[in-house]
Amino acid sequence: MTTTGAGTVVRPVRATTAAEGATVRRRQGLQHGGWFVAPFLALFALFVIWPLLRGLYLSFTDANISGDGAHFIGLDNYREALKDPLMWDSLGHSAYFTLLVVPCITVLAFFLAMLAHHIEHGTWLWRLCFFLPFLLPSTVAANLWQWLFNPGTGMVNHVFGIGTPWLTDKSYAMLAIVITTLWWTAGFSFLLYLAALQGIPAHLYEAAELDGANAWHRMVHITLPMLRNITGLVLALQILASLQVFDQAVVIQDFGPGPEESTRTFVQYTLEQGFTSYRVGYASAVSIIFFVLIAAVALARMRLLRNREEGGR
């Protein structure tokens with residue numbers, strides 16, 4: 001602070017530090033970015049948060065699909081659901097489907113990606129053929145395989161010279177849905193593996209080859225370790241998607257639960273309770289139970305991945 005001849009006090013302007021400037025820019029960025037995020041947050045709240053909260057409220061009532069006044073009944077829906085053998089059977093069918101699909105689709109997608117990655121001629125055609133089924137709607141894929149599995153006119157039995165009742169015998173009904181799912185959805189995991197394979201540095205293979213490593217050793221010691229993260233992602237996505245199986249299981253069985261109810265999945269059971277039995281409150285309780293199970297699986301997968309990363313450091 002200085003004083004002029006006229007006695008006026010002049011205070012110098014304090015220079016803005018770099019930290020303060022960065023803080024100001026950060027605040028401006030958050031303000032501007034908020035306008036870009038706001039539409040997504042509004043839609044997320046409208047179509048995810050609000051239905052979840054609404055379903056949680058309905059799960060404590062005896063609401064029905066007619067819209068009549070719902071009465072609060074506490075935990076009665078949850079008690080009934082946990083004692084319902086049909087619910088546990090449906091959960092078992094979804095878990096069994098998941099155990100069959102996830103390992104098979106992971107291995108199949110990896111094999112197809114390796115094949116497409118090393119093919120020298122017509123690469124684009126092979127990649128298109130492997131990925132194309134994933135672009136089909138679920139109803140189209142299910143109806144196609146329903147025709148292929150037809151015991152009388154289906155191509156599967158005709159080509160292999162067998163008479164397997166794929167869709168009418170409970171021993172084969174779930175297997176038919178698994179085969180349909182593998183053909184229909186393997187393309188997505190195939191694309192993830194293919195992108196990851198293309199990201200592996202070529203000099204790693206060249207150095208290993210100079211050291212005398214054969215193709216098997218290169219795959220075991222280079223390819224698979226480099227694909228560990230993408231394999232974890234594929235497993236997580238496939239587990240979550242398989243537990244929620246519905247479309248192909250319903251359509252291939254003509255919107256029924258399959259022979260002796262052997263293909264009724266958890267999602268199908270929930271919809272039957274809400275839209276066939278008109279018990280919206282009970283169906284909401286079952287949905288919340290399923291949501292908790294899915295969240296538990298996702299959290300367990302995250303914890304396992306975190307522990308593995310910490311152990312590898």
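- No side-chain heavy atom of T231 sits under 4.5 Å from any side-chain heavy atom of F110.
- The two atoms that bring P201 and M226 nearest to each other are CD-CE, 4.1 Å, heavy atoms only.
- Residues passing the salt bridge (charged side-chain N to carboxylate O under 4.0 Å, His left out) test with R279, sequence neighbours excluded: E80.
- Panel note: side chain R218, backbone A213; a donor-acceptor pair is recorded below 3.5 Å.
- Counting heavy atoms from C-beta on, the side chains of T123 and H117 never come closer than 4.5 Å.
- Between V245 and V267 there is no side-chain heavy-atom pair separated by less than 4.5 Å.
- Counted by atom type alone, Q238 and T106 present zero donor-acceptor pairs between their side chains at under 3.5 Å.
- In plain terms, the two heavy atoms of L58 and S284 that are nearest each other are CB-OG, 3.6 Å.
- Under the side-chain contact (heavy atoms from CB on, under 4.5 Å) rule, I177 has a single partner from V101, I252, L100, which is I252.
- For the atom pair L227 CG and L233 CG, the distance stands at 12.0 Å (nearest 0.5 Å).
- Taking CH2 of W184 as the start and OG1 of T181 as the end, the distance is 7.0 Å to the nearest 0.5 Å.
- Tracing side-chain contacts under 4.5 Å through hydrophobic residues (I, L, V, M, F, W, Y), one never reaches L240 starting from F97; they form parts of separate clusters.
- Side-chain atoms of L86 and E272, non-hydrogen and from C-beta on, never get closer than 4.5 Å to each other.
- The distance from atom CG of L299 to atom CD1 of I294, rounded to the nearest 0.5 Å, is 11.5 Å.
- With 3.5 Å as the limit, one finds no donor-acceptor pair spanning the side chains of S59 and Y282.
- To the nearest 0.5 angstrom, M155 atom CE is 12.0 Å from F149 atom CZ.
- Side-chain contact of W166 with N157: a donor-acceptor pair under 3.5 Å is present, judged by distance alone.
- When each of F246, W88, F290 is checked for a ring-ring contact (aromatic ring centres under 6.0 Å, His included) with F266, only F290 meets the rule.
- Cluster annotation: L53 is not connected to F291 through the hydrophobic network of ILVMFWY side chains, with a link wherever side-chain heavy atoms come within less than 4.5 Å.
- In this model, no donor atom of one side chain and acceptor atom of the other lie less than 3.5 Å apart for Q253 and T263.
- Here L91 contributes atom CG and L293 contributes atom CG; the two are 6.0 Å apart, rounded to the nearest 0.5 Å.
- Residues Q146 and D254 have side chains that bring a donor and an acceptor to within less than 3.5 angstrom of each other.
- The shortest side-chain heavy-atom distance between R127 and F190 falls under the 4.5 Å cut-off.
- Criterion: ILVMFWY side-chain heavy atoms under 4.5 Å apart, direct or through other members. Under it, V178 and I239 are not part of a common hydrophobic cluster.
- Enclosure of atom CE in M302 is not indicated, since only 12 or fewer non-hydrogen atoms of other residues, nucleotides or ligands lie within 6.0 angstrom.
- Here the side chains of L136 and W183 are in contact, with some heavy-atom distance below 4.5 Å.
- Between T61 and N77 the shortest heavy-atom distance is O-ND2, 2.7 Å.
- Salt-bridge annotation for E261 and K170: absent, with no side-chain N of the basic residue lying under 4.0 Å from a carboxylate O of the acidic one.
- In terms of hydrophobic clustering, with Ile, Leu, Val, Met, Phe, Trp and Tyr side chains grouped at heavy-atom distances under 4.5 Å, V107 and V102 are assigned to different clusters.
- One finds the CZ atom of F44 at 4.0 Å from the CD1 atom of I49 (value rounded to the nearest 0.5 Å).
- In this structure, the side chains of L191 and F134 stay at 4.5 Å or more apart for every pair of heavy atoms.
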Pair D89-Y269, side chain to side chain donor-acceptor pair (under 3.5 Å): steps then yes or no: CA-CA 10 Å; D89 287 344; Y269 169 79; over 6 Å; no

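- At a threshold of 4.5 Å between non-hydrogen side-chain atoms, the residues D76 and R79 count as touching.
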